[in-house]
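Structure, as structure tokens:
Quick caveat, the model's predicted, so the values are computed rather than measured.
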Amino acid sequence: MKVVIAGGSGALGQRIARDLTARGDDVVVLSRSATRVRWGRQVHWDGRTVGPWASELSDAALVNLCGELVFRRPTPANVVLLTRSRTEPTRALAHACTGLDRPLRVLVQMSTLAIYGDAGEAVLDESAPLASHPPQMAGVARAWEEAAAEITAARHVTLRTSIVFDRDTPAFDRLTGFVRWGLGGRMGSGRQWISWLHIDDLCAIVRHCTDDPMLSGIVHATSPNPVRNSDLMAALRRAMGRTVGVPTPAPLVRVGSVFLRADPLLVLTGRRCVPKRLRDAGFEFTYPELGPAVADLVSEATRR
């Protein structure tokens with residue numbers, strides 16, 4: 001199968017590209033960067049207008065990953081940046097699809113479980129109602145999904161994805177950094193639910209979505225076992241050989257986020273999401289439990 005990955009030059013896109021290449025797919029990476037990618041056949045686009053790249057979409061599977069990283073302060077300007085970086089290239093893809101001689105086989109549209117906002121104790125499957133706030137989380141995700149609905153394909157899958165844990169990525173590096181610096185205790189109350197996913201399972205889910213002709217609509221890409229923030233930090237401490245971690249109360253999280261140029265709500269809010277549709281489809285997770293997942297990803301260098 002030909003698989004086109006829009007925005008596939010980043011860390012997540014390259015992991016997916018490597019995985020699909022390994023099974024023999026013809027992987028095309030649409031990228032605005034001049035830096036050559038390691039995995040996939042790189043095709044340049046500007047992310048705004050239809051060009052020669054559009055012919056790559058004919059009879060292909062499309063994985064849409066476009067978008068700036070969310071680790072930014074929740075300012076109005078950043079909300080606009082995060083939204084536009086997702087909706088503008090997605091609409092370019094939609095326009096390109098209107099002129100194809102053969103339509104897309106399947107669209108695998110990335111989204112985020114942050115679309116549910118701060119959901120407290122509720123257990124959320126794919127039927128859960130969407131939130132309208134906060135704008136940098138739920139608002140950006142809703143706009144992205146609405147733009148993707150304009151893409152013509154034989155089958156649509158929207159992957160609402162949890163925090164994906166992988167080596168050398170901002171989320172995982174920041175968490176392990178806190179533990180290494182002695183700040184590996186609970187953050188805020190520690191009771192907020194964290195939906196998480198090992199990178200190997202994300203790659204397997206993308207393969208499953210491209211291959212299963214019966215799967216369409218909203219799909220949660222998350223481990224079946226969400227954990228509380230305090231349990232996440234404890235698992236990281238165990239994997240890194242740290243017995244003690246100083247808690248970070250919510251006011252200090254907010255102060256620290258200013259210096260880290262991040263959104264404190266990424267830490268202080270949570271969602272208890274489950275992958276009902278994947279489980280119903282018979283999908284089996286390699287890392288359903290947090291402990292083995294974290295242990296697999298924590299390297300000797302990280303432990304130090």
Side-chain angles (χ1 to χ4, degrees), residues 12 16 63 65 70 106 108-134 137-138 140-142 144-145 148 155-166 169 171-172 175 186-212 214-236 265-297:
L12 185 60
I16 293 172
V63 180
L65 296 171
V70 298
V106 58
V108 179
Q109 170 64 42
M110 287 293 174
S111 184
T112 170
L113 294 175
I115 201 167
Y116 300 115
D118 187 12
E121 294 295 311
V123 178
L124 308 178
D125 63 17
E126 288 86 350
S127 66
L130 305 186
S132 57
H133 288 85
M137 297 164 66
V140 171
R142 290 180 73 136
W144 198 13
E145 290 190 11
R155 184 165 55 90
H156 277 240
V157 179
T158 300
L159 278 185
R160 290 181 181 160
T161 307
S162 62
I163 300 171
V164 178
F165 289 152
D166 189 14
T169 57
F172 196 71
L175 287 170
R186 60 173 172 78
M187 297 181 177
S189 71
R191 293 188 55 78
Q192 61 271 38
W193 285 98
I194 307 299
S195 296
W196 62 274
L197 187 67
H198 189 288
I199 183 61
D200 288 355
D201 283 323
L202 176 64
C203 290
I205 289 169
V206 171
R207 292 197 309 270
H208 187 86
C209 290
T210 59
D211 295 348
D212 185 349
M214 303 305 294
L215 193 61
S216 62
I218 305 299
V219 175
H220 283 182
T222 187
S223 158
N225 296 296
V227 298
R228 294 192 187 275
N229 171 271
S230 58
D231 296 326
L232 168 62
M233 301 311 296
L236 287 167
L265 295 184
L266 293 173
V267 171
L268 298 177
T269 61
R271 289 149 294 281
R272 190 181 184 183
C273 297
V274 294
K276 182 178 186 300
R277 297 201 61 211
L278 283 175
R279 299 305 293 268
D280 289 348
F283 182 86
E284 295 187 6
F285 289 82
T286 301
Y287 293 98
E289 301 291 344
L290 179 65
V294 170
D296 177 71
L297 294 171

Minimum heavy-atom separation for V157 to S216, with atom names?
-> CG2-CA, 3.9 Å
Specify the closest pair of heavy atoms between S162 and S195, including all atoms of both residues, with the distance to one decimal.
-> CB-O, 3.2 Å
Any side-chain heavy atom of [X] sitting closer than 4.5 Å to one from [Y]?
X    : Y    : result
T158 : E126 : no
W196 : V294 : no
D118 : M137 : no
S111 : R160 : yes
L215 : V106 : no
W144 : T112 : no
V219 : L278 : yes

Measure the spacing between [atom1] of [X] and [atom2] of [Y] and express it to the nearest 0.5 Å.
X    : Y    : atom1 : atom2 : answer
S127 : H220 : OG    : NE2   : 8.0 Å
L124 : Y116 : CG    : OH    : 6.5 Å
Q109 : L159 : CD    : CG    : 9.0 Å
I205 : T210 : CD1   : OG1   : 12.0 Å
T169 : L12  : OG1   : CG    : 8.5 Å
M187 : L232 : CE    : CG    : 8.0 Å

Looking at [X] and [Y], would you say the former's side chain and the latter's main chain have a donor-acceptor pair under 3.5 Å?
X    : Y    : result
R155 : C209 : yes
S230 : R228 : no
R186 : G188 : yes
S223 : L197 : no

Can you list the residues that meet the side chain to side chain donor-acceptor pair (under 3.5 Å) rule with R277, with sequence neighbours excluded?
-> none
Considering residues at least two apart in sequence or located in another chain, which fulfil the side chain to side chain donor-acceptor pair (under 3.5 Å) criterion with D166?
-> R15
Residues forming a salt bridge (charged side-chain N to carboxylate O under 4.0 Å, His left out) with D211, sequence neighbours excluded | R23
Not counting sequence neighbours, which residues clear salt bridge (charged side-chain N to carboxylate O under 4.0 Å, His left out) with D212? List them please.
-> none
Using distance only, find each side-chain donor-acceptor pair of residues 280-287 under 3.5 Å and give its atom names and separation, not counting sequence neighbours.
{"residue": "D280", "atom": "OD2", "partner": "K276", "partner atom": "NZ", "Å": "2.8"}
{"residue": "Y287", "atom": "OH", "partner": "D296", "partner atom": "OD1", "Å": "3.3"}

Residues 265-274 side chain polar contacts: donor-acceptor under 3.5 Å, at least two apart:
{"residue": "T269", "atom": "OG1", "partner": "L265", "partner atom": "O", "Å": "2.4"}
{"residue": "R271", "atom": "NE", "partner": "L113", "partner atom": "O", "Å": "3.4"}
{"residue": "R271", "atom": "NH1", "partner": "G117", "partner atom": "O", "Å": "2.5"}

More than 12 heavy atoms from other groups under 6.0 Å of CZ on R207 = yes
